[in-house]
Amino acid sequence: MESEEQEVEKLITYNEIHRLRKEGFSNSAIAKKLKISRNRVIEYGKMTPDEFYLFAISLQSRGKKLDPFREKILEWLKEHPDLSGAQVFDWLEEKLEFSSVSEGTVRNYVNELRESYHIPKVISEREFSAVPELPMGQQIQVDFGQTKVPKLDGTYIRLYFIGFILAHSRYKYVEWLDRPFRANDLIRMHENAFHYFEGMSKNTSV
């Protein structure tokens, strides 16, 4: 259930969206001005005053699947302002063993929390620097990543990968999983990489 303060804030946001639309602002411009998601602008922009009233009434009694984890998600967002909805989705599964919602639902919930508690998303820029050339066998670099790929039925699946790169020759080894990594996965993958490279380097850099 929403507090009276949150209901008032949503009403103000609704009125501002329609005022700015009449003044000719685009959805993206309105989202930037009001510091809310573009999807929220589109959603509220389609509603008549009567429809918005019924929507607001429904929120008073409608609970959400993620409400039991509200405080934990808020804690994550305050500690890590650059956290994405996809990362929160992963953490819910990894840390809290909760996976009965879609990634889109988590993303929308995170956006709502950011708007309600004024937690802007901070974009962190990763710093890159040249690695000095090292002798053979000195170092293996390890990095992680994830991506979405289409399936035959038109839906998407998130894949996770770990990459090992020999610092001298730039020879590579990669493994993929269709779920977040666990500790035993990382141990096994390191062993597989060492087997593939036919040996271990002196150092491993992550």
Side-chain angles (χ1 to χ4, degrees), residues 1-95 98 101-129 144-150 154-160 180:
M1 295 178 64
E2 296 203 334
S3 66
E4 183 176 347
E5 181 180 348
Q6 289 172 321
E7 291 175 23
V8 171
E9 188 168 344
K10 276 185 167 55
L11 177 59
I12 293 173
T13 300
Y14 172 82
N15 289 331
E16 279 298 290
I17 287 172
H18 283 267
R19 181 181 68 81
L20 291 170
R21 274 192 160 194
K22 287 179 181 178
E23 293 180 6
F25 288 94
S26 67
N27 290 330
S28 296
I30 295 172
K32 189 173 182 180
K33 278 180 174 291
L34 301 182
K35 297 180 179 179
I36 60 176
S37 68
R38 185 172 176 274
N39 287 341
R40 179 62 55 86
V41 174
I42 295 172
E43 180 186 9
Y44 283 11
K46 291 178 179 178
M47 294 183 188
T48 66
D50 287 342
E51 289 171 338
F52 180 78
Y53 173 75
L54 294 175
F55 169 71
I57 292 296
S58 71
L59 291 178
Q60 294 179 10
S61 58
R62 186 178 70 188
K64 297 183 178 179
K65 282 186 176 181
L66 290 170
D67 282 346
F69 308 101
R70 186 186 189 90
E71 295 304 317
K72 176 55 69 175
I73 296 174
L74 276 173
E75 179 185 316
W76 291 341
L77 293 175
K78 290 175 181 177
E79 185 177 355
H80 308 285
D82 60 337
L83 202 61
S84 69
Q87 289 170 305
V88 172
F89 176 76
D90 290 341
W91 282 13
L92 284 167
E93 184 173 13
E94 294 171 22
K95 299 175 185 290
F98 180 76
V101 291
S102 68
E103 184 178 326
T105 298
V106 175
R107 186 168 53 248
N108 291 336
Y109 194 81
V110 168
N111 287 337
E112 289 178 10
L113 289 183
R114 286 189 181 282
E115 293 171 15
S116 297
Y117 292 87
H118 307 290
I119 307 174
K121 184 174 183 180
V122 177
I123 305 300
S124 61
E125 294 187 4
R126 185 172 179 179
E127 295 183 1
F128 297 89
S129 59
F144 302 87
Q146 54 181 283
T147 185
K148 276 186 173 180
V149 296
T155 60
Y156 283 78
I157 183 172
R158 183 175 296 278
L159 297 178
Y160 303 81

>> Go through it in stages, so that I can follow the logic: the residues are Glu112 and Arg40, the test is salt bridge (Lys or Arg N to Asp or Glu O under 4.0 Å), and I'd like the CA-CA distance, side-chain angles, deciding distance and then a yes or no.
In response: CA-CA 9 Å; Glu112 289 178 10; Arg40 179 62 55 86; 3.4 Å; yes
> Quick one: salt bridge (charged side-chain N to carboxylate O under 4.0 Å, His left out) partners of Glu75, sequence neighbours excluded?
Replying inline: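 Glu75: salt bridge (charged side-chain N to carboxylate O under 4.0 Å, His left out) contacts with Lys72.
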> Mind checking whether Phe52 and Tyr14 have parallel, tilted or perpendicular rings, split at 30° and 60°?
Replying inline: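 Answer is parallel, since the angle falls under 30°.
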> Going from CG on Leu74 to CD1 on Ile119, what distance comes out if it is rounded to the nearest 0.5 angstrom?
Replying inline: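 Interatomic distance, Leu74 CG to Ile119 CD1, rounded to 0.5 Å: 5.5 Å.
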>> Quick check on side chain to side chain contact (heavy atoms under 4.5 Å, CB included): which of Val88, Leu66, Leu83 does Val110 satisfy it with?
In response: Val88
> When rounded to the nearest 0.5 angstrom, what is the spacing between CD1 in Ile36 and OG1 in Thr13?
Replying inline: 5.5 Å
>> Using the salt bridge (charged side-chain N to carboxylate O under 4.0 Å, His left out) criterion, which residues pair with Lys148? Sequence neighbours excluded.
In response: Glu103
>> Return the CZ to CD1 distance between Phe25 and Ile17, rounded to the nearest 0.5 Å.
In response: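 Those atoms lie 13.5 Å apart.
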>> Measuring from atom CD of Gln146 to atom CD of Gln87, what distance do you get when rounded to the nearest 0.5 angstrom?
In response: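 Answer for the CD-CD pair, Gln146 versus Gln87, is 6.5 Å.
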>> Hydrogens and angles aside, do Asn27 and Arg21 bring a side-chain donor and acceptor to less than 3.5 Å of each other?
In response: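 Looking only at side-chain atoms, Arg21 and Asn27 do form a donor-acceptor pair, the distance falling under 3.5 Å.
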>> Going by salt bridge (charged side-chain N to carboxylate O under 4.0 Å, His left out), name the residues that satisfy it together with Arg38, two or more places apart in sequence or in a different chain.
In response: none
> In Å and rounded to the nearest 0.5 Å, what is the CD1 to OG1 distance from Ile157 to Thr147?
Replying inline: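 Spacing of CD1 (Ile157) from OG1 (Thr147) equals 11.5 Å.
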